[in-house]
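We count ligands from 1, going down the list as the structure has it; atoms in each ligand are counted the same way. Position 1 is the first residue of the sequence; numbering continues from there. For the numbers below, each heavy atom of this structure counts, side chains included, while hydrogens, waters and symmetry mates do not. Values in this document were obtained by computation on a predicted structure and should not be read as measured data.
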Amino acid sequence: MTDRTGSFSLNRNIPFNKPYLAGRELEYMVRAHAEGRLAGNGPFTRRAQALLQENLGGSAAVLLTHSGTAALEMAALLLDIRPGDEIIMPSFTFVSTANAFVLRGGVPVFVDIRPDTLNMDENLLAAALTPMTRALAVVHYAGVACAMDEILSLAGERGLAVVEDAAQGFMASYKGRPLGTLGSLGALSFHETKNIISGEGGALAVNDPGLTGRAEIIWEKGTDRTSFERGEIDKYTWQDIGSSYLPSEITAAFLLAQLEAAEAITAGRLEYWHYYHDHLAELERRGFLRRPVIPPDCQSNGHIYHVLVNSPEERRELLDFLRGRQIHAVFHYVPLHSSPAGQRYGRASGELKVTDDLWARLIRLPLWNGLDVDILDRVIGALEDFYARPAKAKGLT
Ligand SMILES: *Cc1c(COP(=O)(O)O)cnc(C)c1O
């Protein structure tokens, strides 16, 4: 097991993801502990928010939350979503994009995705509008931006709010503008599977200055405690509906260490992403798979490296083949319009042909910060071996 000839590394298990530690997380948590200020909205929360705001630029306020889901729920509360209001969103997304609005009685209206970026197809939005449409919830899949110019101009014409589910989009941009800052509200996630992490965690970027006051109130259980803590008022009281959306200082301390390393973390992920991209070009040229497509307006953050294979059966075989080599590649979302809750609470706008086709052919390859090139080579080598096998061996007799 200790020999370094390669047999160890060949058999070593390759997980899909490994949480990356920047180095100072525990130090900051120890400091929060020593200072004895552990509840939310303390010094670490404020430092993390300030750093996020600096990184994002353009946001009127940034509030840390205990998850990306919580940030989306805050967005639905801030937009005053009422029963029957419709929110247009992709079906190919995480449940929280829809659930946050359904909790307010909103109705998700699912539209199809573009075959290149797997983001909501902006050309299908006009057909999905009804008099009940209130908002567009856009999801930047894999940290690659939606066509925001087209989306924002349609929203502007129709008076619709735009919420960005930028859970995967921190440190990525569209025409130089950071994701999360383009809509009136942007939700970020720091879940351990994302690029920048705090176990569970998130943030709401409030980009519309008219929403900041109420955002702080909703964040602090419906009270004006945030303004009380700034010394602006001498007592705090119940002002509006709200909940407890703050993370503790322990979480904020951990996150601060990650945020300080955000540029290095993003650069590392992009390097691995490009390594896959360069080395899989040949398999794409030979028609075995399709690599991710990043439009020129989009700077990604290397969050996901995915490939599309030629059929759902081939996906199953390939995942099994990789597992046989201790490589844990995974698929992604089961489309919401075909899920039990998606059918109960939402509806599809038109046929979602691209979604129905692509979700079943998508594979995400192992990618985490701090992996070594040997691991990338093993994954790439396994893909090459899979496609080099005679069709018979693949069970396609
Ligand atoms: C991760 C993710 C979320 C949820 O974030 P949590 O922090 O896990 O609550 C929402 N939407 C998308 C697109 C995500 O990838």
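For the pair Arg315 and Phe331, the cation-pi test (distance below 6.0 Å, angle within 45°) is passed.
Within the structure, the ring pair (Phe, Tyr, Trp, His ring centres under 6.0 Å) test picks out no pair touching residues 344-370 (sequence neighbours left out).
Scored by the ring pair (Phe, Tyr, Trp, His ring centres under 6.0 Å) test, Tyr20 finds no partners at all (sequence neighbours excluded). The ring pair (Phe, Tyr, Trp, His ring centres under 6.0 Å) check on Phe110 picks up nothing, with sequence neighbours excluded.
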Which pairs of nitrogen or oxygen atoms, taken one from ligand 1 and one from the protein, are under 3.5 angstrom apart?
| residue | atom | partner | partner atom | Å |
| --- | --- | --- | --- | --- |
| ligand 1 | 5 (O) | Ser189 | OG | 3.3 |
| ligand 1 | 7 (O) | Gly68 | N | 2.7 |
| ligand 1 | 7 (O) | Ser189 | OG | 2.7 |
| ligand 1 | 9 (O) | Gly68 | N | 3.3 |
| ligand 1 | 9 (O) | Thr69 | N | 2.8 |
| ligand 1 | 9 (O) | Thr69 | OG1 | 2.5 |
| ligand 1 | 11 (N) | Asp165 | OD1 | 3.2 |
| ligand 1 | 11 (N) | Asp165 | OD2 | 2.7 |
| ligand 1 | 15 (O) | Gln168 | NE2 | 2.9 |
| ligand 1 | 15 (O) | Lys194 | NZ | 3.2 |

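You'll find the side chain of Leu383 reaches within 4.5 Å of the side chain of Leu318, heavy atoms only.
Taking the six-membered ring where the residue is Trp, His332 and Phe92 present perpendicular rings, their angle passing 60° and hence far from 30°.
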